[in-house]
Structures are given as structure tokens and as C-alpha cells.
Chemist: 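Just passing along the structure, written as C-alpha cells.
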Number of protein chains: 2
Amino acid sequence: MENIITKYKEKGLRLTPQRIAILKYLDGNTGHPTADNIYRDIKRRYPTLSFATVYNTLQTLKEHGGIMEITIDSMRKHYDPNTTPHHHIICVDCNEIWDVFEDYSKVLRLPPHLTREVRIAGAHVDFYGLCRKCQKRKGVKM
Amino acid sequence: MENIITKYKEKGLRLTPQRIAILKYLDGNTGHPTADNIYRDIKRRYPTLSFATVYNTLQTLKEHGGIMEITIDSMRKHYDPNTTPHHHIICVDCNEIWDVFEDYSKVLRLPPHLTREVRIAGAHVDFYGLCRKCQKRKGVKM
DNA sequence: TCTAAATTTAGAATAATTATAATGTATGGA
DNA sequence: TCCATACATTATAATTATTCTAAATTTAGA
Ligand SMILES: [Mn+2]
Ligand SMILES: [Mn+2]
Ligand SMILES: [Zn+2]
Ligand SMILES: [Zn+2]
């Protein structure tokens with residue numbers, strides 16, 4: 001809690017109440033929130049909060065490696081304060097996202113004609129399927 | 001060429017010049033075009049073409065399993081007429097997308113607590129990196 | 001306390017996509 | 001071949017996520 005704050009202070013980032021609120025909201029958050037999720041939550045305590053501030057702060061955090069941007073959902077960007085390499089599962093119905101902490105780096109090999117074309121920096125695996133809640137709601141046979 | 005057309009006729013889809021042009025544009029296209037790519041190209045021959053028609057047709061094709069929607073690029077949706085399971089590489093600089101036809105299905109195993117939570121339907125691997133062209137443009141040491 | 005530079009803000013702008021409602025046309029049967 | 005009609009296209013407006021702008025405010029260090 002206090003360490004994320006000093007951590008960002010050390011990076012030369014100015015601390016404002018809004019930024020602290022966003023940092024606290026993100027700290028340990030495994031829910032993969034959208035900018036709107038963050039805005040709505042913090043707006044309750046800081047009614048003058050602007051969307052621009054949320055986007056600016058997310059941008060700054062991204063640049064400093066404090067968060068990752070998740071592109072698994074084509075509707076909107078999600079953010080992940082866990083920047084250790086990991087993967088995701090998305091429910092194709094409710095768009096909820098789960099973490100996958102398996103290490104596939106050894107098995108995701110590429111043929112030479114592709115590694116020649118692109119210098120690979122990493123890989124994300126996006127699993128997709130129907131979550132239990134949505135299976136139930138849609139009456140899927142278990 | 002003619003077979004895609006009869007193929008979609010059999011699905012009960014009405015064939016219009018616009019749809020035929022879109023089908024022909026997509027047939028065998030490995031470039032992962034956006035709606036805008038398609039619109040611009042076909043607009044030249046059909047100047048009255050509307051964006052709505054492109055989006056409607058893509059939606060219809062998606063529903064009939066004729067194309068896949070690619071979410072690797074957070075800026076815009078890309079479409080892929082190759083619906084056989086495969087993966088992608090995206091250049092983080094120019095957003096060009098390459099196909100990866102490796103079969104990782106055997107090695108992408110999930111722990112039981114996750115397969116219990118979500119009935120997995122599939123997985124896509126998104127590789128990311130810098131393509132040769134962008135390495136050169138940015139003066140990256142090879 | 002003072003100041004410069006960074007940050008926040010309201011609001012406008014942009015861009016991708018979807019919705020609407022009027023007009024046009026493909027298609028199967030008379 | 002002609003017609004009816006269900007389906008498709010179109011121009012346009014609406015929606016939504018995100019970014020930009022410029023003025024006002026705040027931070028942090030001297
Ligand atoms: Mn995550
Ligand atoms: Mn592809
Ligand atoms: Zn679900
Ligand atoms: Zn590139």
C-alpha cells in the first residue's frame with residue numbers, strides 16, 4: 001500500500017490525491033479493470049475526477065512499467081497491475097477475465113521463417129470459453 | 001473464386017455486387033484487413049458503397065463462420081478469412097500481422113481450478129515483437 | 001513562502017462501430 | 001418475363017472509447 005506510493009515517487013512521478021486513489025485501486029487488483037471501472041469507483045470519493053486524469057495516469061503507469069494493457073477484449077482496453085508475464089482466459093459471454101500463471105515460454109516455438117521476419121519480444125495466450133456462471137445462465141449441459 | 005460465392009449462396013445469403021466484391025477481397029487474403037481496408041478498396045469500384053454494408057457483411061460472415069475477428073490490435077478489429085485454428089504475430093510498431101500455423105493445442109494445458117471455472121473452447125497465441133522493416137527504420141542493432 | 005513545471009479539469013475532437021429509416025434489389029414463384 | 005416481398009444497401013445520425021486542448025490548479029523543491 002505505502003510501498004506502491006513511494007515506488008512511484010522514486011520514479012519522479014508527482015503524487016496527487018487522484019493518482020494515489022488510482023494506485024490504491026490498482027494495487028493487488030486481479031479484476032482487470034477498464035478505465036471506466038476505475039473512473040466510476042474513484043469518482044465517488046473525488047467527484048471532480050476527470051476521465052482524462054484516469055487515462056493520463058494509466059498512460060504514465062504504462063510507460064513506467066507499472067501496469068500492462070490487455071487487448072483480449074475488442075470492446076475496450078483492460079489494465080493489469082500484475083506485470084509479471086502471464087496469460088488470460090476470457091468468458092466469451094460476460095467478458096470476465098481470469099489469470100493464467102502457467103509458463104508456456106519453452107513450448108511456444110516459432111519456425112525460422114517467422115523469427116527471421118520478426119524479432120519476438122514475447123507472447124500472450126488468450127484462452128476463451130464459457131464461465132460457470134454463464135453456462136448456468138444459458139442452460140448449458142454440464 | 002466461384003466456390004466461395006456458391007458456398008455463401010447455399011447458406012441462404014443473398015448475393016449482391018457489394019457482397020461478392022467483399023467475398024472476393026477476402027478470399028485467400030492473408031493480410032488481416034480492417035473494415036476500413038475493405039471499404040477503401042471496394043469503394044473504388046462501387047463508389048456508393050457504405051461503411052454499414054461492410055460492417056453488416058462482416059457481421060453476417062462472422063455468424064456463418066466465414067471469417068474470424070482478430071482482437072490482437074487494440075486500435076481496431078481485423079478480419080481473417082482463414083478460420084482454421086492458427087495464431088498471430090503483431091509488430092508492436094507498424095501493427096502488421098503475420099500468421100502462425102503451429103499447433104500448440106497439446107502444450108497449452110491449464111490447471112484444474114481454471115478448467116473447473118471456465119469451459120475452454122480454444123486458445124489463441126499472440127506473439128509480439130518488432131518486424132524487420134521497423135527494426136531498420138528505428139535503427140535497431142541486428 | 002515562492003515558483004516553475006507537472007497535473008487536473010471541462011469540454012471539444014476524433015475515430016471505430018452501430019443504429020435508423022428510407023430506398024433499392026435479388027430471388028423464387030405466378 | 002413479371003411481381004411481390006423479404007432482405008440488402010445507403011446516407012445519416014448516434015454511440016462509445018479514447019485522445020486532445022487550453023486554462024486553472026497543485027505539487028515539490030528552493
Ligand atoms: Mn492478468
Ligand atoms: Mn490469420
Ligand atoms: Zn461468463
Ligand atoms: Zn513493423
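Lettering of chains follows the sequences in order, A, B, ..., and the numbering in each one begins at 1. As the structure is a computational prediction, the values presented were derived from the model and not from experiment.
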Chemist: Does the side chain of B/Thr53 get closer than 4.0 angstrom to OP1 or OP2 of D/dT10 through an N or O atom?
Modeler: yes
Chemist: Can you check whether A/Tyr55 has a side-chain N or O nearer than 4.0 Å to OP1 or OP2 of D/dT19?
Modeler: no
Chemist: Please classify the nucleic acid contact of A/Asp36 as base, sugar-phosphate, or nothing, using heavy-atom distances under 4.0 Å.
Modeler: nothing
Chemist: Starting from P on D/dA28, measure out to OH on A/Tyr8 and report it in whole angstrom.
Modeler: 16 Å
Chemist: OP1 or OP2 of D/dT26 sitting under 4.0 Å from any side-chain N/O of A/Gln18?
Modeler: no
Chemist: Distance check needed: C/dA16 C1' versus B/Gln59 CD, whole Å only.
Modeler: 15 Å
Chemist: Would you tell me if any nitrogen or oxygen in the side chain of A/Arg14 comes within less than 4.0 Å of OP1 or OP2 on D/dA28?
Modeler: no
Chemist: Between A/Asp103 and A/Ser105, is there a side-chain donor-acceptor contact under 3.5 Å, judged purely by atom types and distance?
Modeler: yes
Chemist: Should the pair B/Asp93-B/Lys138 be classified as a salt bridge under the 4.0 Å nitrogen-to-oxygen rule?
Modeler: yes
Chemist: Between A/Thr48 and C/dT9, is there a side-chain N or O to OP1/OP2 distance below 4.0 Å?
Modeler: yes
Chemist: Verify the contact: side-chain N or O of A/Lys77 to OP1 or OP2 of D/dT19, cut-off strictly under 4.0 Å; return yes or no.
Modeler: yes
Chemist: Taking CG from A/Leu58 and P from C/dT8, how many angstroms apart are they, rounded to a whole number?
Modeler: 11 Å
Chemist: When the ring planes of B/His87 and B/His124 are compared, do they come out parallel, tilted or perpendicular, using 30° and 60° as the limits?
Modeler: perpendicular
Chemist: Using a side-chain heavy atom cutoff under 4.5 Å and only I, L, V, M, F, W and Y, what cluster partners does A/Val118 have?
Modeler: A/Ile89, A/Trp98, A/Val100, A/Tyr104, A/Val107, A/Leu108, A/Leu110, A/Leu114, A/Ile120, A/Val125, A/Phe127, B/Ile89, B/Trp98, B/Val100, B/Tyr104, B/Val107, B/Leu108, B/Leu110, B/Leu114, B/Val118, B/Ile120, B/Val125, B/Phe127
Chemist: Is A/Arg19 close enough to C/dT7 that one of its side-chain N or O atoms is under 4.0 Å from OP1 or OP2 there?
Modeler: yes
Chemist: Could you check whether A/Pro47 gets within reach of a base, just the sugar-phosphate, or nothing at all, counting any heavy atom under 4.0 Å?
Modeler: nothing
Chemist: Using the closest heavy atom to pick a nucleotide of DNA chain C for each, name whichever of A/Thr60 or B/Arg76 lands nearer the 5' end.
Modeler: A/Thr60
Chemist: Between P on C/dA16 and OH on B/Tyr39, what's the gap in Å once rounded to a whole number?
Modeler: 13 Å
Chemist: Can we say A/Glu69 and A/Lys62 salt-bridge, meaning some charged N sits less than 4.0 Å from an Asp/Glu carboxylate O?
Modeler: yes
Chemist: Is A/Thr16 near enough to D/dT27 that one of its side-chain N or O atoms lies under 4.0 angstrom from OP1 or OP2?
Modeler: no
Chemist: Rounded to the nearest angstrom, tell me the gap between atom CD1 in A/Ile42 and atom P in C/dT9.
Modeler: 11 Å
Chemist: To the nearest angstrom, how far is A/Leu49 atom CG from C/dG11 atom C1'?
Modeler: 15 Å
Chemist: To the nearest Å, give me how far apart CZ (A/Arg40) and C1' (D/dT16) are.
Modeler: 12 Å
Chemist: Using heavy atoms to find the nearest nucleotide of DNA chain C for B/Leu15 and B/Met75 separately, return the residue whose nucleotide is more 5′.
Modeler: B/Met75
Chemist: Could you tell me the separation between the CD1 atom of A/Ile20 and the C1' atom of D/dA28, rounded to a whole number of Å?
Modeler: 13 Å
Chemist: Could you pick out which residue, A/Thr34 or A/Asn56, lies toward the 5' side of DNA chain D when each is mapped onto its nearest nucleotide?
Modeler: A/Thr34
Chemist: Can you name the residues that form a side chain to side chain donor-acceptor pair (under 3.5 Å) with A/Tyr128, not counting sequence neighbours?
Modeler: none
